[in-house]
Each structure stands twice: as C-alpha cells, then as structure tokens.
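Comments concern the structure below.
We use all heavy atoms of the structure for the numbers below, so side chains are in, but hydrogens, waters and symmetry mates are not. All ligand and atom numbering here is 1-based and tracks the order in the structure.
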Amino acid sequence: MITDTIKRFVGQLFGQRSNGMQRISRDKHGIDRRNVSRHAIKVCEVLQHEGYQAYIVGGAVRDLIVGLEPKDFDVATNATPEQVRPLFRRARIIGRRFQLVHVVFGQEIIETSTFRAPASESQATDENGRILRDNEFGTHAQDAARRDFTINALYYDPTTEEVIDYHQGVEDLKHRVVRMIGDPRTRYREDPVRMLRAVRFAVKLNGKIDAASQEPLQSMAELIENVPASRLFDEMLKLLTCGHAMDCLQRLRQDGLHHGMLPLLDVVLEQPGGEAFIELALDRTDHRVRAGKTVSPSFLFAALLWHQVELRWQQLQAQGETGIPALMQAADSVLDEQTEKLAIQKRFSADMREIWFMQPRFDRRLPKSIWRMIEQPRFRAAVDFLQLRAAAGAFDSVLAQWWMDLANADDSGKADMIEELNHLPREGSVGAPRTRTRRRRRSPTAVVGQQDAPFVE
Ligand code: ATP
Ligand code: MG
C-alpha cells in the first residue's frame with residue numbers, strides 16, 4: 001500500500017497521472033468479450049471502420065473487470081453526433097446541453113457520446129462553483145479527465161480487447177478504491193452529486209473511498225442542497241436500487257451526506273418506528289436487484305414514506321377527519337414536503353397514492369368491492385405492499401396471504417375465493433384485528449422477497 005502511494009506520488013510529480021496513458025491487455029484486465037453487449041461491439045466496429053476512435057466506456061468496463069453484470073453499455077467516440085447518426089439504421093440525437101446519440105437495437109440502446117472537454121475556466125458555473133454547462137467536444141485524454149473517478153474512466157476497445165487507462169483506474173479497481181480524478185474539492189464543487197456517487201460505488205464494489213476523496217465529504221455535504229431536485233431523485237433512485245440500499249444509506253449517514261438532502265432520509269435513518277418496515281422494503285429491493293429483476297420506483301418510495309403517511313393520517317383522524325379522505329390528505333402533505341428537495345415524478349407519485357389508498361381497503365373483504373379493487377392497475381403492487389406490512393407485523397399475515405392468493409389466482413380461482421366469502425360471517429369494520437385462520441389455497445409463498453409480479457413496472 002505504501003509503495004503504491006509512493007508510486008502514485010512519483011507518477012504525479014512526473015505528470016504521469018494526467019498524461020500517462022496505459023494500454024492494458026486482456027490477460028491483465030480479464031474482460032471476457034463474450035460478456036460484452038454485441039450491440040455495443042457493433043457500434044464500436046462501425047465507427048472504427050469509418051476511421052473514428054470508439055470505445056466502450058464507464059460503468060460497463062468497471063463492472064466487467066470486477067465480474068459484475070453491467071446495467072448498460074455506453075460508447076465514447078471522437079465522431080460528432082452528426083457523424084454518428086447516419087451510420088446506423090435506428091439512431092437519434094438526443095440532449096440539448098450536450099448532444100449524444102442513442103443507437104437503438106430492439107430493447108437495447110447504446111448511448112454514444114462524443115469525447116468531451118473537461119471543466120475549464122470559461123465554463124458557466126453557479127455561485128458555488130457548480131457547473132451549469134459543459135458542452136465542448138474534446139480529445140480522448142480530455143474525455144478521460146472530465147470523468148469522475150479513475151475506475152469510471154476506463155475505455156475498452158472490443159477490437160484489440162485492450163483497456164485504455166489514463167488514470168490508473170485498473171489498479172484502483174483491483175484494490176477497490178474509489179478515487180476522484182483531479183482535485184476532489186474542485187470536482188465535488190463542480191458537481192456535488194459526485195459525493196453521492198462516491199458512496200454508491202464504494203459500497204457497490206465493497207471497497208473504500210481513498211483518503212483525499214473522502215476527506216472533504218463532511219464539510220462539503222451541504223452543497224448537495226443546490227442540486228436540482230430532479231437530478232437528486234435520479235441519483236437517489238440509483239443508490240436505492242444498486243443492490244446494497246441499506247449499506248448505502250448507512251454510509252451516507254456516516255459521512256453526513258443524508259442531512260437536509262432529503263427529509264426522507266432523515267426519517268428513514270432516524271425515526272425508530274418506521275425502521276423495520278423500511279429495512280424489509282430495502283432488503284427485498286436488494287434481493288430483487290441482485291437476482292437481476294426489475295424494481296418499481298413507485299413501490300420503493302411508497303414504502304419509504306409509508307410510516308410518515310401513517311403518522312400524519314393518525315394525527316388527522318385524531319382531529320376528527322375521517323378514513324380515506326384523511327389518508328389522501330396525509331399523502332398529499334407528505335409528498336409536498338418531500339418533493340421540495342427531491343422531485344418524485346408525477347407518474348411515480350400517482351402510483352404511490354394508489355398503492356397507499358388501497359391499504360385500508362384490505363382490512364375488510366367485501367365481495368362486491370373486491371372486483372373493483374382487482375381492476376385497479378396497481379392492485380398487484382398494493383397487495384405486494386400489504387405483504388411488506390404483514391412481514392413487519394403491521395397487518396394480519398393470514399389475511400395478507402389471502403389477498404396474495406387472490407392476486408395470483410386466475411379468473412375462475414378469483415371468483416371461487418370471492419364466492420366463498422359469502423359463506424363466512426360478515427367481517428368487522430376497517431382496522432378491526434383479524435384472528436380467524438383460513439385454509440390456504442396455495443403454498444405459502446408470501447414470504448417477502450419471493451413474489452415476482454408487482455415490483456415490475
Ligand atoms: P451505473 O450506471 O452503474 O450507475 P456508471 O458509472 O455507468 O454507473 P453513469 O451515471 O451511467 O454511471 O455514467 C456513465 C459514466 O459517465 C461514468 O462511468 C463516468 O465516467 C461518467 N459520469 C457520470 N456522472 C458523472 C459525473 N457526475 N461527473 C463526472 N463524470 C460522470
Ligand atoms: Mg451507466
């Protein structure tokens with residue numbers, strides 16, 4: 001480790017860290033070409049055939065080297081968007097601030113961007129140094145220098161199977177070190193989201209943030225307040241769905257990065273009452289992500305905010321407001337409060353509301369209204385949410401299982417189950433505890449983390 005540090009220091013002295021490009025061969029980086037998206041390879045080949053430079057870049061290269069499955073594949077090239085687009089049958093230029101090309105192959109989109117110049121004096125920044133525009137094309141070396149961490153500045157050439165490494169990223173990756181390229185303070189000031197990214201990558205790689213990149217986090221945490229709410233939402237979602245959500249949140253707390261960033265996180269991490277439920281929700285999300293399944297943002301945020309909604313609902317009821325309208329009012333006020341800092345998109349918050357509003361309707365099984373519930377688009381998600389509540393001990397587990405069985409049954413199975421209810425004694429009012437047990441129609445699969453459907457968007 002010490003010799004490593006000395007080597008780096010010497011390297012910096014002689015300018016190797018900024019100029020010393022290394023070509024790393026297959027036997028050293030270990031990427032198996034068969035794990036690389038054939039569409040990404042195709043994009044590189046077409047561009048190279050036209051005489052351009054083209055590499056697979058960023059998270060995909062990082063993940064391939066450590067043996068994780070990349071989420072998506074991005075390509076970097078010295079061709080401009082106008083030069084890239086006509087080379088592919090289905091390609092479109094997107095983005096206003098910095099244009100890039102989406103090359104579309106069925107379900108897969110290969111994001112192809114032109115080498116970009118790093119932040120320079122002339123770039124527009126806000127009063128805190130946050131970059132507002134960076135839209136100049138640059139050289140390959142400049143493109144590497146403007147990336148955030150050394151491990152994210154690796155370029156894989158599928159033709160030669162070499163990795164181009166300007167900042168000793170492969171070495172850092174081997175030691176699982178997240179190291180900022182350039183001066184960490186300047187780079188965090190340019191874009192405070194990088195602080196959250198540092199935490200996410202350290203957790204995801206089961207590694208650590210190097211000392212110089214770690215040191216400024218506490219004191220610079222408040223800069224996150226200047227980040228636009230929609231950007232924060234995107235980053236938060238990435239953090240919560242990286243497969244290690246609770247670890248990430250704990251790391252954020254350790255580094256003082258959660259405070260003020262989102263009232264939501266203060267609640268999640270500091271309010272004892274809601275913890276079991278949230279831990280379950282995050283745990284379950286992690287399992288799904290690691291099993292390669294999709295995760296629904298609405299479901300996740302519905303779970304994270306439920307405790308607060310419930311508390312507010314209880315307060316309103318104590319003030320004499322009644323049932324569902326009070327719940328709606330509670331939901332609105334919690335969402336308003338949260339979205340000040342973190343813009344939960346409308347399409348997500350609409351789903352969250354549906355999931356929440358259906359919860360009191362699970363208390364009572366009224367044959368006539370059950371069909372109407374089933375027809376609601378978020379019925380599956382709401383039933384799944386109910387399983388979480390049951391697993392956290394907040395809802396009768398036998399009744400929760402009945403609803404899950406109902407959601408899983410085909411139409412005639414559903415009709416049978418609902419018909420059976422007519423032969424049971426009438427059930428109590430909303431919120432009444434349930435003690436009666438029923439024979440289960442299916443194997444008990446309602447264990448959190450095992451159900452498949454509603455998490456899928
Ligand atoms: P993942 O997709 O797994 O979250 P990623 O590294 O691919 O990780 P993206 O947000 O997809 O992250 O970004 C792709 C690449 O763009 C990164 O690897 C990095 O090189 C660069 N990048 C992304 N965000 C920033 C940033 N805020 N500052 C500098 N470079 C960035
Ligand atoms: Mg990515």
Side-chain angles (χ1 to χ4, degrees), residues 36-37 40 55-77 94-95 97-98 100 102 108-120 123 125 129-136 138 140-156 163-167 169-170 172-173 178-207 213 220 223-224 226-228 230-245 248 289-290 292 295:
V36 180
S37 151
Y55 304 95
I56 292 162
V57 67
V61 185
R62 177 196 69 222
D63 289 350
L64 285 168
I65 292 177
V66 294
L68 295 171
E69 194 184 327
K71 273 200 316 229
D72 41 41
F73 286 82
D74 300 330
V75 166
T77 176
I94 62 145
R97 217 178 68 155
F98 187 86
L100 43 88
H102 274 177
E108 191 176 11
I109 294 176
I110 306 297
E111 204 169 279
T112 306
S113 50
T114 307
F115 292 151
R116 214 185 290 189
S120 67
Q123 260 156 348
T125 56
R130 190 168 67 84
I131 294 182
L132 300 173
R133 276 194 308 281
D134 65 319
N135 47 9
E136 278 177 37
H140 190 182
Q142 284 178 322
D143 188 77
R146 67 102 192 159
R147 291 180 183 271
D148 45 9
F149 305 104
T150 61
I151 56 171
N152 284 347
L154 299 170
Y155 299 76
Y156 175 73
V163 167
I164 312 290
D165 182 359
Y166 283 90
H167 299 278
V170 172
D172 281 339
L173 202 44
V178 178
R179 186 191 313 272
M180 185 64 86
I181 296 170
D183 171 50
R185 282 177 184 276
T186 312
R187 306 293 320 275
Y188 290 139
R189 212 170 294 121
E190 286 170 0
D191 181 6
V193 164
R194 290 173 184 152
M195 296 192 258
L196 306 177
R197 290 172 61 86
V199 167
R200 174 158 62 92
F201 295 129
V203 169
K204 181 170 164 176
L205 295 173
N206 194 18
S213 309
M220 297 186 82
L223 291 182
I224 288 173
N226 304 323
V227 175
S230 59
R231 177 106 199 277
L232 211 48
F233 177 81
D234 289 346
E235 191 51 40
M236 201 55 218
L237 195 56
K238 282 189 178 180
L239 208 131
L240 292 169
T241 57
C242 76
H244 309 270
C248 280
V289 172
R290 290 191 220 169
V295 168

| For atom 9 (P) of ligand 1, closest protein heavy-atom neighbour | Lys238 NZ, 3.8 Å
| Nearest protein heavy-atom contact for atom 17 (C) of ligand 1: which residue, which atom, what distance? | Arg197 NH2, 3.6 Å
Please list, one pair per line, the donor and acceptor atoms closer than 3.5 Å that link side chains of residues 57-76 to other protein atoms, with sequence neighbours excluded.
| unit_1 | atom_1 | unit_2 | atom_2 | d |
| --- | --- | --- | --- | --- |
| Arg62 | NH1 | Asn152 | OD1 | 2.7 |
| Asp63 | OD2 | Lys204 | NZ | 3.3 |

| message | Starting from atom 3 (O) of ligand 1, what is the nearest protein heavy atom, named by residue and atom, and what distance separates them? | response | Arg62 NH2, 3.0 Å
| said: List ligand 1 atoms under 4.0 Å from Arg146, heavy atoms only on the residue side. | reply: 29 (C), 30 (N)
| field | Residue Phe201 vicinity, atoms of ligand 1 by number, heavy atom under 4.0 Å | value | 6 (O), 8 (O)
| field | Numbering as shown, the atoms of ligand 1 that approach Gly58 to under 4.0 Å (heavy-atom distance) | value | 18 (O)
| ligand 1 atoms in contact with Arg147 (distance to a heavy atom under 4.0 Å) | 15 (C), 16 (O), 19 (C), 20 (O), 21 (C), 29 (C), 30 (N)
| Under a 4.5 Å cut-off applied to non-hydrogen side-chain atoms, are Val227 and Met195 in contact? | no
| query | What about Asp74: any of its N or O atoms under 3.5 Å from an N or O on ligand 1? | reply | no
| message | Need the ligand 1 atom indices (1-based, order shown) with element for anything under 4.0 Å from a heavy-atom of Lys204. | response | 3 (O)
| message | Rounded at 0.5 Å granularity, tell me how far CG in Asn226 sits from CZ in Arg189. | response | 12.0 Å
| If you count the atoms of ligand 1 from 1 in the order shown, which ones are under 4.0 Å from a heavy atom of Arg231? | 27 (N)
| message | With a cutoff of 4.0 Å, is Glu235 in contact with ligand 1, counting heavy atoms of the residue only? | response | no
| query | Should you measure from each heavy atom of Gly59, which atoms of ligand 1 turn up under 4.0 Å away? | reply | 5 (P), 6 (O), 7 (O), 18 (O)
| query | How close does the nearest protein non-hydrogen atom get to atom 28 (N) of ligand 1, and which residue and atom is it? | reply | Arg194 NE, 2.8 Å
| message | So is Asp191 touching ligand 1 or not, going by heavy atoms under 4.0 Å? | response | yes
| request: Can you see which heavy atom on Phe115 is nearest to which on Asp143, and at what distance? | output: CA-OD1, 3.3 Å
| Counting both backbone and side chain atoms, is some N or O of Lys71 under 3.5 Å from an N or O of ligand 1? | yes
| remark: Rounded to the nearest 0.5 Å, the OH atom of Tyr55 sits from the CD1 atom of Ile164 at a distance of 4.5 Å
| Taking the side chain from Asp148 and the backbone from Arg194, do they hold a donor-acceptor pair closer than 3.5 Å? | no
| Donor-acceptor contact below 3.5 Å, side chain Ser113 vs main chain Leu100 | no
| Side-chain contact, heavy-atom cut-off 4.5 Å: Arg179 with Phe149? | no
| task | Looking only at protein heavy atoms, identify the closest one to atom 30 (N) of ligand 1 and say how far it is in Å. | result | Asp148 N, 3.2 Å
| message | Taking the basic N atoms (NZ, or NE/NH1/NH2) and the acidic carboxylate oxygens, is any pair closer than 4.0 Å for Lys238 and Asp234? | response | no
| Listed by chain and number, what are the salt bridge (Lys or Arg N to Asp or Glu O under 4.0 Å) partners of Glu111, not counting sequence neighbours? | none
| Which atoms of ligand 1 are found less than 4.0 Å from any heavy atom of Arg200? | 1 (P), 4 (O)
| task | Could you tell me whether the side chain of Leu196 reaches within less than 4.5 Å of the side chain of Leu232, counting heavy atoms only? | result | yes
